[in-house]
Amino acid sequence: MRVLRGIGAVLLMVVGLLLSVVAIVLCVTIILLPLGIPLAFLAVKLWRYAFTLMLPRQADVRRGLRKGFHVREMQDAASTARKEASRHGTRLRKKARKVRKKLPG
């Protein structure tokens, strides 16, 4: 799939380059300037679309980040740590309550 996207991007770049050259020639001739300007904008849009095709898709980037940073394992570790902290926090509160009851005043 990446190869097809790359080939499509290269073809769009070639078409964009040809449109740019034609737009420059049309802009040089003052009479055809109204045709050259929109054609230049179209060439820029084609180049922009070609570059977005060359970049990896957003879903692929997210998947790679999840695998690279081991998100699932980190979430499991955080969940375990949260449960342990909650359990230890409950014990500490009970002990603190007992100590407060023993204090004078």
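Sequence positions, counted from 1, serve as the residue numbers for this chain. Worth saying up front: this structure is predicted, and the values here are computed from it rather than measured.
If you chain together hydrophobic residues whose side chains sit under 4.5 Å apart, Val15 and Val21 never meet in one group. A single hydrophobic cluster is seen to contain both Leu32 and Leu42, as judged by linkage of ILVMFWY side chains at heavy-atom distances under 4.5 Å, directly or through other members. At a threshold of 4.5 Å between side-chain heavy atoms, the hydrophobic network of Ile, Leu, Val, Met, Phe, Trp and Tyr places Met13 and Leu18 in two separate groups. Under the 4.5 Å side-chain heavy-atom criterion for ILVMFWY residues, a single connected hydrophobic cluster contains both Phe41 and Leu33.
One finds the CD1 atom of Ile7 at 12.5 Å from the CG atom of Leu12 (value rounded to the nearest 0.5 Å). Here the straight-line distance linking atom CZ of Arg2 with atom CZ of Arg57 works out to 9.0 Å at 0.5 Å rounding. Separation of atoms CG (Leu53) and CG (Leu4) is listed at 11.0 Å; rounding is to 0.5 Å. Separating the CG atom in Leu39 from the CD1 atom in Ile24 is a distance of 10.5 Å, to the nearest 0.5 Å. Between the CG atom in Leu55 and the OG1 atom in Thr52 there is a gap of 7.0 Å [rounded to 0.5 Å].
Looking at Leu17 and Trp47, their side chains come closer than 4.5 Å, going by heavy atoms from C-beta outward. The shortest side-chain heavy-atom distance between Leu46 and Leu19 falls under the 4.5 Å cut-off.
Cys27 and Gly36 make their closest contact through SG-C, 3.6 Å (heavy atoms, listed as atom of the first residue, atom of the second, distance). Among all heavy-atom pairs drawn from Ala43 and Ser20, the shortest one is CB-OG, 3.4 Å.
Contacts of Tyr49 classified as ring-ring contact (aromatic ring centres under 6.0 Å, His included), with partners at least two apart in sequence or in another chain: none. With sequence neighbours excluded, no residue forms a salt bridge (charged side-chain N to carboxylate O under 4.0 Å, His left out) with Arg48. Applying the salt bridge (charged side-chain N to carboxylate O under 4.0 Å, His left out) test to Arg87 and every residue at least two apart in sequence or in another chain returns Glu84.
Side-chain atoms of Thr80 come within 3.5 Å of backbone atoms of Asp76 as a donor-acceptor pair (strictly under, hydrogens ignored).
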